[in-house]
Enquirer: 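To start, I am sharing the structure in question, which I have written as C-alpha cells.
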Amino acid sequence: MAERLAGAAPFLGHGHDRARGAGLMLLVIDAIGLVAGLFLVVLLGQHLRLAWRARRYRTPPMRQHAEPVPILLQIPLYNEAGSVEGALASALALDWPADRLTIQLLDDSTDETAALAAAAIARLPPGGPAVQQVRRPSRDGFKAGALAEGMRRCDAPLIAILDADFRAPSDWLRQAAAVLAADRRAAFVQFRFEFGNRDQNWMTSGQQFSVDTHFLAEQAGRQAGGDMFQFNGTGAVWRRAAIEAAGGWSADTLAEDLDLTLRTYAAGWHGQLVLEAPLSCEAPADLASWRVQQARWSTGFVQVARKGLPLVWGSKWTLGAKFGTSLLLGLQLGLPCLVLAAGAFVLDGLLRGFGSGHALLAAAAALYAATSAILITLPPFLRLRRGGIFRYGATLIAIPVLLIFLALANSVGVIAAPFAGRHDFVRTPKRGDR
C-alpha cells in the first residue's frame, strides 16, 4: 500500500500543479476583465456626467469688431480633385471684406488636384480676396506642416481652417470673429458640423448620430463645466497669438488638432463652442474608408496621451479638470478594453462553466450600457429633430455594430501606438475622389 502511494505521489503532485496553474490563469483573466470593465464603466459614467452638464451650455457672447481684422483661411489639400473647386467657391462666398481675407490652398497633392487648383485660381476675376496655392517640395509634417508653412506666408491675426469637403455658411467668419472679440483669452472658436450625406446609408446615419452626441453632449458638457474640449481639426477659427503661445503646430502625432488644443489650454487659453449654424461636410460612406479615418484618430489620441499626460498632471488645473482631460486623451483605450472585457467574460465562462453569475453580470452590463446610451444620445436627437422614435431606435442599433467593428479592427493599433515609430498621415477617402 505504501509503495502504491509513493508511486502515485508524482502524479498527484502534477495534478495539484495543474490545478494551481489553472486557478492562477483564471485569476489573471478575471483581473484583466475587471480592470477593463471598470475603465469602460468610468468612461461611460464620464459621458453621462458631460451630457448632464451640457444642459448649462450657452452660446458664447459676441462683439463685433469696430473694423474687420485680416483673416487667413487655410484649406489643406492632398489629392482631392473632386473637392478643390467646390472648396474654393465656398470660401469665396464667405461674407468678409475682400481686402481683409487671404485664402490659402495648402496643396500637397501628387495628382491632378494641383493643376485643377491652379486653373481655378487663374479663372478668378479681379477684385476678390487674395488666393494662394501653397506648394511644398515634400509632405513633411503632413497637415500640421502644411498649416505651419501657410502661417509663415501670411501674418493675419485670425486663422480659419476648413478641410476640403467642408462648406461654411456665409456669416461663419463674422460669427467667429465676434466671439473672439468678446473673449480675449479664447484661443479658438469651434463650430458644429453636419454630414450632407447623412441619409446615404446606415453607416452615415450612425456617424451623424455619433457626431450630434459629440457636440451637443460631450463638447457642450466640457464647455459648460470649464474643462478642456477639443478643436476638431477643421471648422474653427484660431487666434494666431494663441497658436504661437502654445509653441505652434507640431507634427509628432497624428492628432495635431488635439495636441495643439492641449498645449493651448496648458498655456492659459481656452476654446469657445458655437453650435449654430453648423457647417456641412461629408461622412465616409463605407467601412473601409471609415476605418482609415478612425485608425488615424485612434493612433493620434494615444500618441497625444503619451505626450500630454505629464503636462496635464503637472498643471495647476483642478483635480476634476485633470481627471476629465485624462479620460478624453485616453478615450481610444476604450476599444481594447471592450475586447479584453468581452474576451475575459467568455474565457471565464468556458473555463468555469456559464452559470447564473455570468447571466447576471451580462444583464447588468447590458442594462447600464443601454440606459446610458439613451440618456446621452436621445436629447441631441430630439433637439436637432432628426426624426421619430422609430428612426432613433434604428439608428441607435447601428452604434454598437460600428463600435464592435472598430474595437476588433483598431485595438491592436491602439495598444501598439505608444511603442511604434513614425506613422504616415493617411487621408480619409472622399466620395468626390477620382
Side-chain angles (χ1 to χ4, degrees), residues 60-77 84 86-107 117 120-121 124-134 143-144 146-193 231-246 248-249 256-257 260-261 264 269-274 276-281:
M62 301 184 185
R63 182 173 67 83
Q64 296 297 333
H65 285 274
E67 185 177 353
V69 299
I71 292 181
L72 168 63
L73 171 56
Q74 297 183 307
I75 305 175
L77 293 171
V84 59
L88 181 56
S90 177
L92 291 168
L94 293 171
D95 180 18
W96 199 255
D99 62 339
R100 298 298 178 94
L101 177 61
T102 299
I103 299 171
Q104 288 182 341
L105 301 181
L106 305 176
D107 189 3
I121 293 173
L124 295 177
V131 180
Q132 305 170 356
Q133 183 182 19
V134 179
K143 184 177 179 179
L147 293 167
E149 177 63 25
M151 282 183 61
R152 284 192 286 269
R153 301 190 184 199
C154 179
D155 61 358
L158 299 185
I159 300 172
I161 301 172
L162 284 179
D163 284 350
D165 61 307
F166 272 66
R167 305 292 179 261
S170 60
D171 65 344
W172 176 56
L173 294 179
R174 292 197 176 275
Q175 265 194 287
V179 172
L180 292 173
D183 184 354
R184 293 295 180 181
R185 296 304 298 173
F188 65 92
V189 187
Q190 175 66 58
F191 286 73
R192 180 172 69 88
F193 49 80
F231 157 54
N232 290 96
T234 180
V237 178
W238 274 83
R239 200 187 300 273
R240 173 187 288 270
I243 297 176
E244 293 174 344
W249 291 102
E256 74 290 328
D257 45 7
L260 180 61
T261 306
T264 301
W269 299 78
H270 58 264
Q272 291 285 8
L273 178 68
V274 176
E276 300 296 341
L279 283 66
S280 175
C281 59

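These values consider heavy atoms only, across backbone and side chains, with no hydrogens, waters or symmetry-generated copies.
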Enquirer: Looking only at heavy atoms, which two atoms of Ala91 and Leu73 are closest? And how far apart?
Expert: CB-CD2, 3.5 Å
Enquirer: Go through the structure and list residues passing side chain to side chain contact (heavy atoms under 4.5 Å, CB included) with Pro278, not counting sequence neighbours.
Expert: Arg192, Glu194, Glu276
Enquirer: Determine the minimum heavy-atom distance between Pro70 and Pro157, stating which atoms define it.
Expert: O-CD, 3.3 Å
Enquirer: For the residue pair Pro61 and Ala182, what are the closest heavy atoms and their distance?
Expert: O-CB, 3.4 Å
Enquirer: Please say which of Phe191, Trp172, Phe193 ends up in a ring pair (Phe, Tyr, Trp, His ring centres under 6.0 Å) with Phe166.
Expert: Phe193
Enquirer: Under 3.5 Å, side chain of Arg185 to main-chain N/O of His270, donor-acceptor pair present?
Expert: no
Enquirer: Could you tell me which non-hydrogen atom of Pro169 sits nearest to which non-hydrogen atom of Leu94, and how far apart they are?
Expert: O-CD2, 3.4 Å
Enquirer: Minimum heavy-atom separation for Leu173 and Ala160, please, with both atom names.
Expert: CD2-CB, 3.9 Å
Enquirer: Which donor-acceptor pairs under 3.5 Å do the side chains of residues 231-239 make with protein atoms, sequence neighbours left out?
Expert:
{"unit_1": "Asn232", "atom_1": "OD1", "unit_2": "Gln219", "atom_2": "NE2", "d": "3.1"}
{"unit_1": "Asn232", "atom_1": "ND2", "unit_2": "His214", "atom_2": "NE2", "d": "3.0"}
{"unit_1": "Thr234", "atom_1": "OG1", "unit_2": "Asp163", "atom_2": "N", "d": "2.8"}
{"unit_1": "Arg239", "atom_1": "NE", "unit_2": "Ala186", "atom_2": "O", "d": "3.0"}
{"unit_1": "Arg239", "atom_1": "NH2", "unit_2": "Leu180", "atom_2": "O", "d": "2.8"}
{"unit_1": "Arg239", "atom_1": "NH2", "unit_2": "Asp183", "atom_2": "O", "d": "2.8"}
{"unit_1": "Arg239", "atom_1": "NH2", "unit_2": "Ala186", "atom_2": "O", "d": "3.3"}

Enquirer: With sequence neighbours left out, what residues match Arg153 under side-chain hydrogen bond (donor to acceptor under 3.5 Å, both in side chains)?
Expert: Glu149
Enquirer: Going by salt bridge (charged side-chain N to carboxylate O under 4.0 Å, His left out), name the residues that satisfy it together with Asp257, two or more places apart in sequence or in a different chain.
Expert: none
Enquirer: Could you state the interatomic distance from CD1 (Ile103) to CD (Gln133), rounded to the nearest 0.5 Å?
Expert: 13.5 Å
Enquirer: Are side-chain heavy atoms of Leu147 and Ile243 found at a separation under 4.5 Å?
Expert: no
Enquirer: Please, which pairs that meet salt bridge (Lys or Arg N to Asp or Glu O under 4.0 Å) have at least one residue in residues 88-101, sequence neighbours excluded?
Expert: Glu67-Arg100, Asp95-Arg174
Enquirer: For the atom pair CG (Leu77) and CG (Leu106), what is the distance rounded to the nearest 0.5 Å?
Expert: 7.5 Å
Enquirer: Which residues pass the side chain to side chain contact (heavy atoms under 4.5 Å, CB included) test with Ala87, not counting sequence neighbours?
Expert: Ile75, Arg167
Enquirer: For Ala144, check side chain to side chain contact (heavy atoms under 4.5 Å, CB included) against everything at least two apart and list the hits.
Expert: Trp249, Ala251, Glu256
Enquirer: Quick check for you: to the nearest 0.5 Å, what is the distance between Ile159 atom CD1 and Thr102 atom OG1?
Expert: 11.0 Å
Enquirer: Between Ser90 and Ala168, which heavy-atom pair has the shortest distance, and what is it?
Expert: OG-N, 3.8 Å
Enquirer: So, using side chain to side chain contact (heavy atoms under 4.5 Å, CB included) as the criterion, who are the partners of Ala89 when residues are at least two apart?
Expert: none
Enquirer: Examine distances only and state if a side-chain atom of Trp96 and a backbone atom of Val69 form a donor-acceptor pair shorter than 3.5 Å.
Expert: yes
Enquirer: Working to the nearest 0.5 Å, report the span between CG of Asp155 and CZ of Arg240.
Expert: 6.0 Å
Enquirer: What distance separates Leu124 CG from Leu92 CG, expressed to the nearest 0.5 Å?
Expert: 5.5 Å
Enquirer: Applying side-chain hydrogen bond (donor to acceptor under 3.5 Å, both in side chains), can you list everything that pairs with Gln104, at least two apart in sequence or on another chain?
Expert: Gln74, Gln132
